[in-house]
Amino acid sequence: MCGVLRSSDAGKKAVLMGWVNRRRDLGNLVFIDVRDRTGVTQVVCNKELNPAIHEKASRLRNEYVIAAIGTVKQREPNTINRNIPTGEIELVAEELRILNEAKQPPFLPGDTVLPNEELRLKYRYIDLRRDAMQFNLELRHKVAIAIRSYLSSQGFFEIETPFMTRSTPEGARDYLVPSRVQPGSFYALPQSPQLFKQILMISGCDKYFQIVRCFRDEDLRADRQPEFTQIDLEMSYPQPERVWEVVEGFLSAAFKTAGYEIKTPFPRMSYDEAIRLYGSDKPDMRLPAMNDVREAFTAENFQALAVNPNLPVMAIRIPKVGELSRKERDEIKPLFTGKGNAKLFEDFKRLEKSFPDSAAKIRAKSSAETDDLIVIVAGDDKLAEHPSEGGVKPEVKQHDHAVYTAAGLLRVALAQKYASRHRLFEKTGNASVDFRFLWVTDFPMFEWDEEGKRWAAAHHPFTSPHERDMEKLSGGLDAAEDPNSPLAAVRALAYDVVLNGTELGSGSIRIHRQDIQRKIFHALGMTEDEARARFGFFLEALEYGTPPHGGIALGLDRIVMILAGAESLREVIPFPKTARAVDLMVDAPTPVSEAQLKELGIQIRKARE
RNA sequence: GGGGACGUAGUUCAGUUGGUUAGAACGCUGCCCUGUCACGGCAGAGGCCGCGGGUUCGAGUCCCGUCGUCCCCGCCA
């Protein structure tokens, strides 16, 4: 291979096959850098030694595929290239074959500046020849192998589940596959193997895992592709702690293959705490927590600032940002996405001038250094006068939440904006500082769906509520259409694993009892008949002796993305899709022929007006 | 569904207040060059300024629309 020859190989015969990475033609002396996925080696063609080969070498162009046969030669000391691993040797060509020519590519894998992403995706096969992409592909392979072998060693079986399965509405939109044999009926591609893995527990496969593709027809983001890969696992009889232990185990193994020793167990934090301290259910622990600095203000202060004293007043601290100019302060406002009910004080200096006592207390409480940026987010005092629609009394908790999350979003936005100043996002080489893992636990069981005016499952409807909240669940059933119902307080045995502010995975202990499952469906506003229609097969399975079980699923792409230090999933997925879910290389999706549609019994409605 | 950024040579970009023949670097083609390694030198080719419309004596530049890529909100149990 092109990256493996060293001084110790000097004198040996070698055959190098690969692409012409670069040709340096000095006239009677031609150097060719031959590249394959392992690296680059210099091949020398000397007119004096071998005129025929030299002539052939002059005809080579970038990205030709060649075979060079020759003798490995230790280079003279003054011609050694210390920048590459093979720089101490070169191959003196004795035979040169052009295995294939190449058109001039739209860009070269060896280029220092990347072309725009559209071009990279269209000519993905050229883009993938680049070192960085080869590195990412290898990293992904190694991570997957490490996870497989760890889970296998722990007694997990990798078991495949169908891709063509049943649409179970709720959650994301399905990708549908029409049935030819049964016109008018459709399979759905799985959003996750959720029900299959639970059924595997009922089937006696008490430790299951799968590195599996999942499909969701939702809008894309830098960290969201319509098809993505999950590390999916499920086990019988576990406490949540047991699931966490398994995940910590395979993540350690995965990070180890990438050269990082991470510390386990990961810290844990309840959902409520995460919201209060970080304004997010996926806190980035590399940054300091926020502080509720309500006590720093007097009643008069609140009035003067038009701030609601009954709501949190959150101090966000971003370290080492330093003095901000007027213009820079103005740039903070657009980052703040809090709507109507939260307000922003981005100018701490002014606060210090007008309310020196409060400002001093805030500084102390946030342990702020002089060059730290402090920004305050508070509740608008108009809130109290605004009863929420429908005449229901305002839910204080809900408004608290709005202030926390508005502050949390701003915290992350500010941190990103000033990343180069606080340097907390830069890799230090110390894995326990660079990779801040966290378990977020005790998620709420239900979320109020403002649009549908009903409660929805926060995780999924098969998640087990906390034992201690069973009464609230039963109590809430009569008020299943009331946003203030006790259902809001029901906590689930659900947990997320978070890394540096990215949700890596999400899991739960599941419901294994029919009666509780029925109550959950009821709370979600589903009648017995509706539940039967959607999940009948599963409810029936639950009745045949279901062991308690639970599990989790982690995004493999996101793990590899973070390990690769990439900003987008597209860097670690060989053939990704654009923001409009198009594959630019194969140009998919496409219309299909009338004949194909006819066979499937499908008619396309003409675009409206 | 909404908001924002971008679109000029094969590629990455520059292009003044709307003004005459649209530039640079890399790449490409040819010639020269025996120790280069992002080789060097000389010469040259290469443009539907995304597309369509409008304003104007005149549009790469201003306006409207449209297409494409990226980022964000909504959405993603």
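Atom set for the values below is all heavy atoms of this structure, side chains included, hydrogens, waters and symmetry mates excluded. Quick note on labels: first sequence line is chain A, next is B, and so on, each numbered from 1.
Distance A:Phe107 CZ to B:rU69 C1': 15 Å, rounded to the nearest Å. We find that CD of A:Glu218 is positioned 14 Å from P of B:rC73, with the value rounded to whole Å. Between A:Lys122 atom NZ and B:rG68 atom P there is a gap of 14 Å when expressed in whole angstrom units. Residue A:Ile80 contributes atom CD1, which lies 13 Å from atom P of B:rU36 at whole-angstrom precision. At whole-Å resolution of the value, CG in A:Asp219 and P in B:rC70 are 13 Å apart. Atom CG in A:Asn116 sits roughly 14 Å away from atom C1' in B:rA5 (whole-Å rounding). For A:Asp223 and B:rC76, the CG to C1' distance is 10 Å, given to the nearest whole Å. Atom CZ of A:Arg224 and atom P of B:rC72 are 9 Å apart (whole Å).
For B:rC37, the base has no donor-acceptor partner in the side chain of A:Arg82 [N/O atoms by modelled type, under 3.5 angstrom]. Below the 3.5 angstrom threshold, one finds no donor paired with an acceptor across the side chain of A:Arg570 and the base of B:rU69. Interface remark: the A:Glu90 side chain does form a donor-acceptor pair with the B:rG35 base, using a distance-only criterion of under 3.5 Å.
Relative to the side chain of A:Leu26, the nucleotides B:rU11, B:rC70, B:rU36 differ in distance, and B:rU36 lies closest. Across B:rU69, B:rU11, B:rC71, the shortest atom-to-atom separation from the side chain of A:Ala222 is found for B:rC71. Out of B:rC37, B:rU12, B:rC76, the shortest distance to the side chain of A:Val113 is found at B:rU12. Closest approach to the A:Asp25 side chain among B:rU69, B:rC33, B:rG35 is made by B:rC33 (side chain taken as heavy atoms from C-beta onward).
The distance from the CZ atom of A:Phe535 to the CD atom of A:Gln517 is 8.5 Å, given to the nearest 0.5 Å.
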Next item on the list: Starting at the 5' end of nucleotides 24-31 of chain B, put B wherever the base has a protein heavy atom under 4.0 Å, S where only the sugar-phosphate does, and a dash everywhere else.
Entry: ---SSSS-

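Residue A:Phe31 is in base contact, counting any heavy-atom pair closer than 4.0 Å across all strands shown. Within the nucleic acid shown, A:Leu114 comes within 4.0 Å of sugar-phosphate atoms alone, with no base atom in reach, counting heavy atoms only. Nucleic acid contact for A:Gln194: base, since at least one base atom lies under 4.0 Å from a heavy atom of the residue. Among the protein residues, A:Gln42 comes within range of the nucleic acid bases, having at least one heavy atom under 4.0 Å from a base atom. If you check every strand for non-hydrogen atoms under 4.0 Å, A:Asp217 touches nothing. Among the atoms of the strands shown, none is found under 4.0 Å from any heavy atom of A:Lys103. Across all strands, A:Glu48 comes closer than 4.0 Å to base atoms (heavy-atom distances). Here A:Ser192 lies in heavy-atom contact (under 4.0 Å) with a base.
Not one side-chain nitrogen or oxygen of A:Thr79 sits closer than 4.0 Å to the OP1 or OP2 atom of B:rU36. Contact annotation: A:Arg24 side-chain N/O to B:rU36 OP1/OP2 distance is not under 4.0 Å. For A:Asn78, no side-chain nitrogen or oxygen approaches OP1 or OP2 of B:rG35 to under 4.0 Å.
For the pair A:Ser568 and A:Arg221, nearest-nucleotide mapping onto RNA chain B gives the more 5' position to A:Ser568. Comparing A:Leu220 and A:Asn81 by the nucleotide of RNA chain B that holds the closest heavy atom to each, the one mapping nearer the 5' end is A:Asn81.
Side chains of A:Glu94 and A:Thr71: a donor on one and an acceptor on the other come within 3.5 Å. Side chains of A:Tyr208 and A:Asp232: a donor on one and an acceptor on the other come within 3.5 Å. In the model, A:Thr38 has a side-chain atom that pairs as donor or acceptor with a side-chain atom of A:Asp36 under 3.5 Å. Looking at A:Ser192 and A:Gln230, their side chains never bring a donor and an acceptor atom within 3.5 Å of each other.
Taking the P atom of each, B:rA43 and B:rA25 are spaced 12 Å apart, rounded to whole Å.
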